[in-house]
Protein chains: 2
Amino acid sequence: MAQERNTEELIIEAARRIFIKRGLAGARMQDIADEAGINKAMLHYYYRSKEKLFEIVFDEAFSKMVGRLGAVLNKPMPIEEKIRTLIDHYITSIAETPYVPIFVLNEINQQPEMMIKRVSSQPSFPDIMAFMKEVVEAGKKGIIKEISPLQLFLNIVSMCIFPFVARPLIQGIFQQDNIQFNMLIEERKKLVGDVIISWLKP
Amino acid sequence: MAQERNTEELIIEAARRIFIKRGLAGARMQDIADEAGINKAMLHYYYRSKEKLFEIVFDEAFSKMVGRLGAVLNKPMPIEEKIRTLIDHYITSIAETPYVPIFVLNEINQQPEMMIKRVSSQPSFPDIMAFMKEVVEAGKKGIIKEISPLQLFLNIVSMCIFPFVARPLIQGIFQQDNIQFNMLIEERKKLVGDVIISWLKP
DNA sequence: ACTTGATTTAACCATCTGGTTGAACAAAGG
DNA sequence: CCTTTGTTCAACCAGATGGTTAAATCAAGT
């Protein structure tokens, strides 16, 4: 058999870069081929179609964005510490692949049906649900204020993700260079925790 | 001269719907023509090119999203009341055109250069800057906690906008129908204020 | 060396897409 | 009535785009 086996992975890496940068509608098969340094026909040899290739990239991105929530959520920990850890870890995780959220959110808005399939097969959802129950329990016990767990969750995720989604807007308006922006994000790992916890104080 | 003068506006309305739904890369001139109930050539007669048409729609959307912040910000009001009013009004405003934010954010990420021109000509930016100074002043006077005004601003905007950007995700994960989602948003008009204010208590 | 099966390529195809053209049409002014 | 001027349309065009094909290449097994 001929050349390296990693052509397959080479294609995925290229597809990942192009799709995340330009989105499904904006990405061109030729661009992906160029990015991978191969011929356009090879894309169809390894992955039947643009949609197939996209699906792989999207699945991966979706898991990266949603899945990482679960990691911290199911560890036994006082609720306050758990929330602070969650925020810190989640921001850190997103910062590693900062363009994933806008990509995922935009594609989901473009084809909401895509979501439906992934939802059921996302292993971290049970953890999220369990966490929300935990919040209700802690509220009843008076450990924290009684609030809607969904709203809490939304607030956390909003403050963690949004800055990355609005990055060019923020940098444009407030004239922040990349270093300043990264410092801003770094500061948020603790700050967002402060915001949430002060709200939850009974 | 022939038919109605409002063909022009008819086209813009159609373009608005299609562009906001599919984005620049995903929108087809034919779709816009169909949506407006006219011939494709008319689009080019009234507006030279796809880019020109897009620019008009994008400018409008950008102003709608960013501009409405200024309205409340420059009114004289105690800082706490101002923040609460800002949040309430901003969420209400976005809820009227809920698909605008994801459209604007995605296009800005696609072509960050676009931003640069709009930033300077956005009349509400001075108001934002003034507000941030006001926050610092209030911090020094001990009216509120001393925090980074940029982070405050980011937190507010995150919690106001993000739910709309992530709408299909939220509805998918938490099985919320449209009515439930709208109630969630309604609740946030006060709730987000609570979160911010409790954080700012000195 | 020859076969085999996976891999790679250039050339090609049908369709789509943004944009153009030239003619038809409709009214207002003379 | 006829010219003028803004408006509308069907037909067309060149280039892009996703996808196909048939032939070439390569490495291993025989």
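Throughout, protein chains are lettered first and strands after them, A, B, ... in sequence-line order, and every chain is numbered starting at 1. As the structure is a computational prediction, the values presented were derived from the model and not from experiment.
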For B:Met42, report the nucleic acid contact type (base, sugar-phosphate, nothing); a contact means any heavy atom under 4.0 Å. sugar-phosphate

Calculate the interatomic distance between A:Arg22 atom CZ and D:dG18 atom P; express it in whole Å. 12 Å

With sequence neighbours excluded, what pairs up with B:Arg84 under the salt bridge (charged side-chain N to carboxylate O under 4.0 Å, His left out) test? B:Glu80, B:Asp194

If you define the side chain from C-beta out and look only at heavy atoms, does anything of A:Asp34 sit under 4.5 Å from A:Arg28? no

In whole Å, what is the span from the OH atom of A:Tyr45 to the P atom of C:dA6? 7 Å

Can you sort out the partners of A:Glu81 under salt bridge (charged side-chain N to carboxylate O under 4.0 Å, His left out), two or more places apart, ordered by chain and number? none

Pairs meeting criterion ring pair (Phe, Tyr, Trp, His ring centres under 6.0 Å) with involvement of residues 173-201 of chain A, two or more places apart: A:Phe174-B:Phe153

Would you tell me if any nitrogen or oxygen in the side chain of A:Thr7 comes within less than 4.0 Å of OP1 or OP2 on C:dT7? no

From OH of A:Tyr47 over to P of D:dT20, roughly how many Å is that when rounded to an integer? 17 Å

Side-chain N,O (B:Tyr46) to OP1/OP2 (D:dT8) below 4.0 Å: yes

Contact pattern, 5' to 3', of nucleotides 10-22 of chain C - B, S or - by protein heavy atom under 4.0 Å: B------SBBBB-

Checking B:His44 now: which residues fulfil side chain to side chain contact (heavy atoms under 4.5 Å, CB included) with it, not counting sequence neighbours? B:Met29

Taking ring pair (Phe, Tyr, Trp, His ring centres under 6.0 Å) as the definition, give me every residue that meets it alongside B:Phe162, ordered by chain and number, with sequence neighbours left out. none

